[in-house]
Amino acid sequence: MKYIFISMFLNSFRILACFIFFAFSSQLSAEWQTEDEAIMGTTIRVEIWHADADVRQKGIDKVLAEMDRVNRLMSPYIEQSQLSKINKYAHEGPIEVDQDLFELIEKSIEFSQLTNGAFDITYASVGHLYNYRKEIKPTEEEVAAAKLLIDYKNLVLDKHQLSISYLKHGVKIDLGGIAKGFAVDQSIQHLRNLGIKHALVSAGGDTRLLGDRRGRAWLVGIRDPANTEEVIVMLPLQDEALSTSGDYERFFIEDGEKYHHIIHPTTGNSASEVRSASILASDSTTTDALSTSIFVMGPDKGLALLNILEGVEGVIVDKQGKLYYSQGLEKEQKKSQNSSNSNSSVK
Ligand code: ADP
Ligand code: MG
């Protein structure tokens, strides 16, 4: 893996409305096809290279259909979704669900165990009391009562029946911290099955790259959370997943306090140590769950976890704007600094 670190001089680049900026992604040849669509409350982007236009179109259709399927299965905003059904009835007894949903809940619990509870889909027991668009938040008393329900151990999974039940009334789950990554992984698998070898799929802050851009790496930038029109790090990537969680995505400010969509499971309030966490790994389910987790954990605990995980790297920007790199990225950064120093001394 090789990364380019460009800090200041990219300031003049303008970035459009997503977490990640696809530098130079306007494609050069007619064999590339690009599609943007609004699904799952976010922008879905698909870029595909294939010599056959029919295959490209099939790929785009498959990805959009998959995003739509996952949304209909897992959205808490769709009353008929299986996730809504669990939230409504699982305290009364086991609710059977599709295998995909069951396995994603299982995986979410694994991330809860890995992150010591920083990632916890039962955050929604408090989370559902917020409406960021309408600037609605729960009272302190409501948070204090509902946060007692946040605990993934309140979920009972039956592997044979593929069913979920809740130990307590009032527990709610939400897969907003992992489902988009899952949908991106599913999409990449569909594209592979069609024989496609070069593609980009992104859903809001979650991006996965299949292969390269035909001989060149994809250049992906991470936004500056203090000024989301600017880029702080550029990474040339291939066959890799990148997710960013930022406090600038869904929020409102009241009495000088920022209320955003990533909730600290122990306080029931928005996590406040970090402004953005970006994670690199081989699949988007992992990067999505970990970007949310590391955001909650903060720089110290977050870096400690990143540094013991094989094949996972990350960049964290804390509240003061300080940048932290995981060990693997820091090494690359030093290397690229050294090579640019030696280049300039030759000149
Ligand atoms: P997005 O790309 O939607 O901004 P993120 O990956 O940054 O998503 O995760 C934020 C989402 O994760 C929230 O909108 C919410 O649905 C969910 N979430 C918030 N806090 C937690 C938490 N502590 N554990 C698991 N999921 C969370
Ligand atoms: Mg996430």
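When a residue number appears, it is its place in the shown sequence, counting from 1. Computed from a predicted structure; not experimentally measured. First listed ligand is number 1; within each ligand, the first listed atom is number 1.
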Would you mind running through ligand 1 and noting each atom that sits below 4.0 Å from a heavy atom of Ala118? 22 (C), 23 (N), 24 (N)

Between the side chains of Lys334 and Glu332, is the shortest nitrogen-to-carboxylate-oxygen separation below 4.0 Å, so that they form an ion pair? no

As an exercise, identify every atom of ligand 1 less than 4.0 angstrom from a heavy atom of Pro265. 23 (N)

At under 4.0 Å between heavy atoms, which part of Phe119 makes contact with ligand 1: side chain, backbone, both or neither? both

Under a 4.0 Å N-O cut-off, is there an ion pair linking Asp68 with Arg72? yes

Using a 4.0 Å cutoff against the non-hydrogen atoms of Asp174, which atoms of ligand 1 qualify? 16 (O)

Please list, in number order, the atoms of ligand 1 under 4.0 Å from a heavy atom of Arg250. 3 (O), 14 (O)

Is Tyr123 in polar range of ligand 1, meaning some N or O pair under 3.5 Å apart? yes

So the atoms of ligand 1 within less than 4.0 Å of a heavy atom of Gly176 turn out to be 8 (O), 11 (C), 12 (O), 16 (O), 17 (C)

Between Lys258 and Asp247, does at least one N-O distance fall below 4.0 Å, as a salt bridge requires? yes

Do any nitrogen or oxygen atoms of Ile262 lie less than 3.5 angstrom from nitrogen or oxygen atoms of ligand 1? no

For Glu254, look at atom CD and say whether over 12 heavy atoms of other residues, nucleotides or ligands are found less than 6.0 Å away. yes

How does Ser245 reach ligand 1, if at all, at less than 4.0 Å between non-hydrogen atoms: by side chain, backbone, both, or neither? both

Within a distance under 4.0 Å of any heavy atom of Asp120, pick out the atoms of ligand 1 and give their elements. 22 (C), 24 (N), 25 (C)

Can you pull the ring-ring contact (aromatic ring centres under 6.0 Å, His included) pairs that have at least one residue in residues 121-148, sequence neighbours excluded? Tyr130-Tyr132

